[in-house]
There are 2 protein chains.
Amino acid sequence: MKTRILYIEDEPFLARIVKETLELKGYEVHHKTDGTRITELVGDFRPDICILDVMLPNTDGFSLGNMIRNTHPRLPIIFLTAKTQTEDVIKGFASGGTDYLKKPFSMEELMVRIENQLRMAGAEKNNTDNVPEEIVMGKVRFYPRKYELLAADKVIKLSNRESQILSIFCNNRNNTIDRRMLLQTVWGDDSFFNSRNLDVYIRKLREYLSAEPNIEIITLKGKGYHFVVSASVI
Amino acid sequence: MKTRILYIEDEPFLARIVKETLELKGYEVHHKTDGTRITELVGDFRPDICILDVMLPNTDGFSLGNMIRNTHPRLPIIFLTAKTQTEDVIKGFASGGTDYLKKPFSMEELMVRIENQLRMAGAEKNNTDNVPEEIVMGKVRFYPRKYELLAADKVIKLSNRESQILSIFCNNRNNTIDRRMLLQTVWGDDSFFNSRNLDVYIRKLREYLSAEPNIEIITLKGKGYHFVVSASVI
DNA sequence: GATAATTAAGGTTAAATAAGGTTAATAGGA
DNA sequence: TCCTATTAACCTTATTTAACCTTAATTATC
């Protein structure tokens, strides 16, 4: 099966060259000029690697990177950008990037960097995809592919949203999860920023997870959440 | 355990800066000016990542990369070089490199690239791993990862801000903590410099810590604070 | 130089605000 | 119809602000 590349770039001329070159190399390329509904896009197309331009008309590539990283912890992301300042590079890696290439770049350099990223990610890629079968956290087990949670010896069928949010939490265990990022990732736009919808799901997840005292969803008011999983249960 | 870095660089001035900066960040750095017996070196030191200068007096970094790659298929290797031609980059990746940084580079960029490589290789422990599980100060115990304080045999749930400030104090035990630095670190800007907000939190922390008489937050008027933890309780 | 006045820095307390939590009701899709 | 997702109304709490108090450091006066 062909290796799949998701490529977000708004400059049509550059985009065409890159796309054609990549296809010539035997890749399957999905090109978009903007990053609307990126989470669904990634979920549907299931790329092996993402190449994101940073300067985009509506959003910027960095927040796209963040959204992808939230749901796909090990998917390689290469940022392409004219921004050459150190702080931009730092931002790139902080936004989930696994490589950062400064424009203008040569096509050959892009190629070897893509191959390198695929090689690095590839060793354990023989799994169906990068969503794990089972995540064990003490007495609680989460089966993200089956939308099931095993807690207190009971199987709980999770809804789509519940499962999606729990996945993001699991992918960011013992790290700060930014509330805005979470809303962006799950709902994809700004309109939910003052709704209580997310809180309702947090409450449900807390209830499900209450079976395991070593797991806790801690609120960082004004920031987001911290999914604390004690070392003893990992 | 510390993350180990093998660093081959012949320019003494640059080498010193890089080594010191890396050590300050908590890495264990093994620096050599040439790559003789590189395979044994790697075998003995067992680095988590290698940083190789390309232009070396006897061998060149690329062949070192190849040698390392032969015996260690997944060890991250970053090449540092003034060579900026595309063909050199290609050669770098072909020689087993997993990243390629062009000189001159900023120390910050090197840092984030190292962290990125470690993360991708799976060696890196996530953010919270440099946060200790437990800090014992006499009768008081602080669990920064869980946002909990055990004082007078009671568990006190700390808020985000409380925990953040107490962490900073613990990291600077028996040292002067500059008030402006503290405000900057916690709130990130200048706008709180004349607010009483910080003082409110100091008061709360003093109250929590009052259970242990050998701990004290001392005010240095016009300077900041001194978090005094008597030797007897450490 | 000793003492009092002044002032700047920080402490205390309570109230205000903003951010989330909770619960139940409603909408909306297979 | 059943189940999930969303909204609405109301509740709780962390964080910030405001007002006033205390103390250390500085300056003025004797």
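Below, chains carry the letters A, B, ... as their sequence lines are ordered, and counting in each starts from 1.
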Please report, rounded to the nearest Å, how far the [atom2] atom of [N] is from the [atom1] atom of [X].
| X | N | atom1 | atom2 | result |
| --- | --- | --- | --- | --- |
| B:L198 | D:dT15 | CG | C1' | 13 Å |
| B:R180 | C:dG10 | CZ | P | 10 Å |
| A:I156 | D:dT4 | CD1 | P | 13 Å |
| B:D178 | C:dA9 | CG | P | 13 Å |
| A:D199 | C:dT23 | CG | C1' | 13 Å |

Note to self: Less than 4.5 Å apart, side chain to side chain, heavy atoms only: is that true for A:F169 and A:I202?
What the structure shows: yes
Checklist line | N/O donor-acceptor pair under 3.5 Å between B:D178 side chain and B:M181 backbone | finding: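 Judged by distance alone, yes, a pair lies under 3.5 Å.
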Notebook entry, point to check: Any salt bridge (charged side-chain N to carboxylate O under 4.0 Å, His left out) pairs touching residues 215-229 of chain A, not counting sequence neighbours?
Noted result: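 Listed by first then second residue: A:E216-B:K157.
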Next item on the list: Residues of residues 201-218 of chain A with any non-hydrogen atom less than 4.0 angstrom from an atom of DNA chain C: list those, numerically ordered, please.
Entry: A:R203, A:R206
Next item on the list: Could you check which residues of residues 158-170 of chain A get a heavy atom under 4.0 Å from DNA chain D? Sort them by number, please.
Entry: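 Hits under 4.0 Å, by residue number: A:S159, A:N160, A:R161.
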Margin query: Going by the rule salt bridge (charged side-chain N to carboxylate O under 4.0 Å, His left out), which residues pair with A:E207 if we only count those two or more places apart in sequence or in a different chain?
Written below: A:R203
Presence of [X] side-chain N/O under 4.0 Å of [N] phosphate oxygens OP1/OP2:
| X | N | value |
| --- | --- | --- |
| B:R179 | C:dG10 | yes |
| A:N197 | D:dT6 | yes |
| A:W187 | D:dA5 | no |

Next item on the list: Applying side chain to side chain contact (heavy atoms under 4.5 Å, CB included), name anything that partners B:T98, two or more places apart in sequence or on another chain.
Entry: A:N116, A:M120, B:R69, B:P76, B:Q117
Check: With a cut-off of under 6.0 Å to the ring centre and 45° to the axis, is A:K25 in cation-pi contact with A:Y27?
Finding: no
Next item on the list: May I ask you to say what A:Y147 touches in the nucleic acid, namely base, sugar-phosphate or nothing, with a heavy-atom cut-off under 4.0 Å?
Entry: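 Contact class for A:Y147: none.
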Checklist line | Polar side chain donor-acceptor pair, A:S63 to A:D60, under 3.5 angstrom | finding: yes
Check: Just by distance, with hydrogens left out, do B:Y147 and B:E162 show a side-chain donor and acceptor under 3.5 Å apart?
Finding: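 There is no such pair (donor and acceptor under 3.5 Å, judged by atom type) between the side chains of B:Y147 and B:E162.
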Check: If you measure from the Lys or Arg side-chain nitrogens to the Asp or Glu carboxylate oxygens, is any gap between A:R4 and A:D48 under 4.0 Å?
Finding: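 Not counted as a salt bridge, because no side-chain N and carboxylate O are separated by less than 4.0 Å.
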Margin query: Salt bridge or not between A:E109 and B:K102? Use side-chain N to carboxylate O under 4.0 Å.
Written below: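 Counted as a salt bridge, because a side-chain N and a carboxylate O are separated by less than 4.0 Å.
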Notebook entry, point to check: For A:R37, does the CZ atom have more than 12 heavy-atom neighbours from other residues, nucleotides or ligands under 6.0 Å away?
Noted result: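 No.
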Item checked: Letter per nucleotide, 5' to 3', of nucleotides 18-26 of chain D [B base touched, S only sugar-phosphate touched, - untouched; heavy atoms, 4.0 Å] -> -B---BB--
